[in-house]
Structures are given as structure tokens and as C-alpha cells.
Participant: 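Sharing a structure below in C-alpha cells format, with a few things to ask.
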Amino acid sequence: MVASKETREKIRNFIGGFASGAASTLAGHPFDTLKVRLQTEGSTGRFRGLVHCFTTTVKEEGFFALYKGVTPPLLGMSVINSCMFGAMNIVKSKIHPDKSTPISLGEIMISGAITGWIVSFVACPIETVKSKLQVQYTGVKLYKGPIDCIKKIGIRGLYKALIPTGFQRNSLYAYFGCYELAQRYLRKEDGSMTLGRSFIAGGIAGTGFWLTNFPFDVIRSRIMTMPYNESPPRYRGMVDCAKHIYKVEGLKGFWKGFTPCLLRTFPANGATFVAYECVMKFFPM
């Protein structure tokens, strides 16, 4: 039995998303490790800034410490991006069912926002495990690896940061909106996009995504990296965490780790869309 064109398109989007997740992780994980460490330590922590965090990490733990926790996102980001591109395609088809007319930028952004909340249910547990492993320094370690981490924190622990993750992923409206805008300006006269132009458009999309959600990312990182056996818990929820950050660090606390995040954005998100577009070209309809 031959699959319908619509089914083939969905499968194609999921494959493209899977490849893009792996490419994004390999390109951007070291910057992500620095970002998470700076976010969770805060302004009063062990690192004086990005360069100090990088040199201290490499000196005390070796270069490959920058790839701590890479296994969950290498597999997980492939799954997350697979769900993201697949869900985005489905949501767009529901919001704009008439394929004879082009989808508007507004419809793309609405689709992105809805997709963000859907993907959060997949992203939250994967990124919780990743973050907990990333902030394990030299000395006593709470978790021996991803499986041990999952066993110790349980389902409830995996989803403790679901609400801030939802608000953070909601910015997929900016992600796909910026990518669409960039494409419109970067397309060649014949309407095609080279891989180089896709890389630039992906970098612009990633920048738009992080600029619109970073405070929520800081909050979810703090909640995700709380010790599972801490009693009482450091934060009672998203609002309590936000109040604590503001009280101790002020507004600048919500932007801790933004520099490595921006440095990571172009290579990681550029690689995301290059990998995705390669799959789209390799598996034509």
C-alpha cells in the first residue's frame, strides 16, 4: 500500500526534525553547558563570567566536560526537533487548510506558539536530565548518568519545570516567524535557498527565539537543577523562583548566561535548518 502524499510529508518532516536535532546538539552543546552553569550559579556563584566559566571548567574537568550531559540532548533534541517540525507541519495545516493560497506570517507565528506548548511535554523531561548532569562538578556526584538520574527524580521530578518550559517554548512563534522573514529576504531570484543562506536564516531564527524567552529559560534552569532530595525545595514554583532571582540579583539575574547562549545560537540553529533543508531535498515529495 502506497502512503498518501500527506502521510509522506509528515514522515519527511519528522525525519528532517530528527536530523536537525542531532546537528544542533553537536554544534552547540559546549555553549549550552556554559549557559546552564552560569544560569544556575547566578551572580554570586563560582564563576565571574563566561571566560572564567570556560577556563575553570576545562582546567578542572577537562575539555570534554563541555560535553557533559550530551547523551540526553543528542538523542533527546533529535526527538524534540522531530516532534517540533512534525507538530508544526500538522498545526499549520489545521490553521491554514487551503493549500492553494500561501500561509501568512501571522499564521506561521500562531502555529509556532501552539507547537511550543505541545513540544514542552517532550522537551521538559529530556532537558531536565541534561541540565542536572551539566551542573555536576568535580567531587561527589548525585547521578551516575541519565538512567540513574531518571530513577532518582521520578516522573514528577522530570516535569517539575513544565510551566516555565511551556512559556520558554512558546517563543517558537518568534523562531519560525524570524525564519520565514529571513527566508523572504534571502531567497534567490528563482525562489531557492542555498545551504549557506539557510544557515544564516536559522541563526536569525535562533536569535529571535532566545531574545523573546531568556528570562523563562533562566527560571526553568534553576528549577530543573534543584537537587532532587532537597527538603524543603529551594523554589516552590515558577513565580517563587522569579521572586528569588529578582530579590538576590535584580533584573540582570534573568539574563545570566545570555552571552554563551547568543554565541551558541548561530552555529546550533544554523545547523538545525541546514540539516532539515538537506533532508527535505534528499527526500523530495
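Index from 1, following the sequence. A quick note: this is a predicted structure, and the numbers were derived from the prediction, not measured.
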Participant: Hey, what's the ring geometry for Phe121 with Tyr159, parallel, tilted or perpendicular (30° and 60° as the breaks)?
Facilitator: tilted
Participant: Do you know the tightest heavy-atom contact between Val119 and Met84?
Facilitator: CG2-CA, 3.6 Å
Participant: Spell out, yes or no, whether Tyr179 and Leu181 are grouped together once hydrophobic residues are joined by side-chain heavy atoms under 4.5 Å, including indirect joins.
Facilitator: no
Participant: Going by atom types only, do Ser24 and His29 share a side-chain donor-acceptor pair under 3.5 Å?
Facilitator: no
Participant: Are Trp210 and Gln168 side-chain neighbours, meaning at least one heavy-atom pair lies under 4.5 Å?
Facilitator: yes
Participant: Can you tell me how far CD1 of Ile200 sits from CE of Met193, rounded to the nearest 0.5 angstrom?
Facilitator: 8.0 Å
Participant: Where the side chain of Asp217 meets the backbone of Asn213, is there a donor-acceptor pair that is under 3.5 Å apart?
Facilitator: no
Participant: State the CD-CD1 distance between Glu107 and Ile95, to the nearest 0.5 angstrom.
Facilitator: 7.0 Å
Participant: Report the distance from atom CE of Met77 to atom OG of Ser82, rounding to the nearest 0.5 Å.
Facilitator: 11.0 Å
Participant: Write down the atom of Ala65, the atom of Thr57, and the distance for their closest heavy-atom approach.
Facilitator: CB-CG2, 3.8 Å
Participant: Test side chain to side chain contact (heavy atoms under 4.5 Å, CB included) on Leu34 and Thr259; report intermediate values, then the result.
Facilitator: CA-CA 9 Å; Leu34 297 175; Thr259 302; over 6 Å; no
Participant: Can you confirm whether Pro227 sits close enough to Arg234 that some side-chain heavy atom of one is under 4.5 Å from a side-chain heavy atom of the other?
Facilitator: yes
Participant: Could you give me the CA-CA distance, side-chain angles and deciding distance for Leu263 and Leu50, then say whether side chain to side chain contact (heavy atoms under 4.5 Å, CB included) is met?
Facilitator: CA-CA 11 Å; Leu263 291 173; Leu50 173 61; 3.7 Å; yes
Participant: Between Glu249 and Arg222 (salt bridge meaning N to carboxylate O under 4.0 Å), is one present in this structure?
Facilitator: yes
Participant: Is there side-chain contact between Cys178 and Thr207, with heavy atoms separated by less than 4.5 Å?
Facilitator: no
Participant: Does this structure show an ion pair linking Arg169 with Glu127, if we count only N-O contacts that are shorter than 4.0 Å?
Facilitator: yes
Participant: Are the side chain of Thr56 and the backbone N or O of Cys53 linked by a donor-acceptor pair below 3.5 Å?
Facilitator: no
Participant: Which atoms form the tightest heavy-atom contact between Arg184 and Leu105, and what is the distance?
Facilitator: NH2-N, 3.7 Å
Participant: Using the rule given for side chain to side chain contact (heavy atoms under 4.5 Å, CB included), can you reason through Val79 versus Cys83, listing the C-alpha separation, both sets of side-chain angles and the distance that settles it, and then say yes or no?
Facilitator: CA-CA 6 Å; Val79 174; Cys83 292; 4.3 Å; yes
Participant: Does Lys243 pair with Asp240 as a salt bridge, N-O distance under 4.0 Å?
Facilitator: no
Participant: Looking at Gly76, is its backbone amide N or carbonyl O close enough to the side chain of Lys130 to form a donor-acceptor pair, meaning the two atoms are under 3.5 Å apart?
Facilitator: no
Participant: Hydrogens and angles aside, do Thr272 and Ser20 bring a side-chain donor and acceptor to less than 3.5 Å of each other?
Facilitator: no
Participant: In Å and rounded to the nearest 0.5 Å, what is the NZ to CZ distance from Lys256 to Phe214?
Facilitator: 10.5 Å
Participant: Closest heavy-atom contact between Thr265 and Gly206?
Facilitator: CG2-C, 3.2 Å
Participant: Is there a donor-acceptor pair closer than 3.5 Å between any side-chain N or O of Ser131 and the backbone N or O of Thr128?
Facilitator: no
Participant: Assess whether side chain to side chain contact (heavy atoms under 4.5 Å, CB included) is satisfied between Lys160 and Met224, documenting all intermediate values.
Facilitator: CA-CA 7 Å; Lys160 192 162 281 187; Met224 283 177 172; over 6 Å; no
Participant: Does the pair Arg37/Glu60 count as a salt bridge with the N-to-O cut at 4.0 Å?
Facilitator: no
Participant: Should Leu251 and Phe258 be counted in the same cluster of Ile, Leu, Val, Met, Phe, Trp and Tyr side chains packed under 4.5 Å apart?
Facilitator: yes
Participant: Is Leu133 close to Lys68 at the side-chain level, that is, under 4.5 Å between some pair of heavy atoms?
Facilitator: no
Participant: State yes or no: do Trp255 and Tyr246 share one hydrophobic cluster built from I, L, V, M, F, W and Y residues joined by side-chain heavy-atom distances below 4.5 Å, directly or via other members?
Facilitator: yes
Participant: Do the side chains of Ile204 and Phe266 get nearer than 4.5 Å, heavy atoms only?
Facilitator: yes
Participant: Considering residues, nucleotides and ligands other than Arg156, do more than 12 of their heavy atoms fall under 6.0 Å from its CZ?
Facilitator: no
Participant: Which heavy atom of Cys124 sits nearest a heavy atom of Leu162, and at what distance?
Facilitator: SG-N, 3.5 Å
Participant: Treat each ILVMFWY residue as a node, draw an edge where side-chain heavy atoms are under 4.5 Å apart, and state whether Val70 and Val129 are in one component.
Facilitator: no
Participant: Give, for atom OG of Ser111 and atom CG of Leu172, the distance between the pair rounded to the nearest 0.5 Å.
Facilitator: 11.0 Å
Participant: Within the structure provided, determine whether Thr101 and His96 are in side-chain contact (heavy-atom separation under 4.5 Å).
Facilitator: yes
Participant: Is Lys144 atom NZ crowded by more than 12 heavy atoms from other residues, nucleotides or ligands, each under 6.0 Å away?
Facilitator: no
Participant: So, Lys35 and Asp32, do they make that salt bridge, N to O below 4.0 Å?
Facilitator: yes
Participant: Just by distance, no angles: are the side chains of Gln134 and Thr33 close enough, under 3.5 Å, to form a donor-acceptor pair?
Facilitator: yes
Participant: With a 6.0 Å cut-off (strictly less than), is the heavy-atom count around CZ of Arg187, excluding the residue itself, greater than 12?
Facilitator: yes
Participant: Determine yes or no for a side-chain-to-main-chain donor-acceptor pair under 3.5 angstrom, with Gln136 supplying the side chain and Tyr143 the backbone.
Facilitator: yes
Participant: Do you know which two heavy atoms are closest between Pro125 and Ser120, and how far apart they sit?
Facilitator: CD-O, 4.4 Å
Participant: Using a 3.5 Å distance criterion without hydrogens, assess whether the side chain of Thr194 forms a donor-acceptor pair with backbone atoms of Arg197.
Facilitator: yes
Participant: Within the structure provided, determine whether Phe254 and Ile245 are in side-chain contact (heavy-atom separation under 4.5 Å).
Facilitator: yes
Participant: Only one of Phe18, Phe14, Phe176, Phe85 forms a ring-ring contact (aromatic ring centres under 6.0 Å, His included) with Tyr276, so which one is it?
Facilitator: Phe85
Participant: May I ask you to decide if the ring planes of Tyr67 and Phe63 are parallel, tilted or perpendicular, using 30° and 60° as cut-offs?
Facilitator: tilted
Participant: Just so I know, are the side chains of Trp117 and Phe167 near enough to count as touching, which here means a heavy-atom distance under 4.5 Å?
Facilitator: yes
Participant: Is Leu26 reachable from Phe31 through a run of I, L, V, M, F, W or Y residues, each pair having side-chain heavy atoms under 4.5 Å apart?
Facilitator: no
Participant: Report the distance from atom SG of Cys278 to atom CZ of Phe273, rounding to the nearest 0.5 Å.
Facilitator: 13.5 Å
Participant: Check whether the side chains of Tyr175 and Asn269 place a donor and an acceptor atom closer than 3.5 Å, and report yes or no.
Facilitator: yes
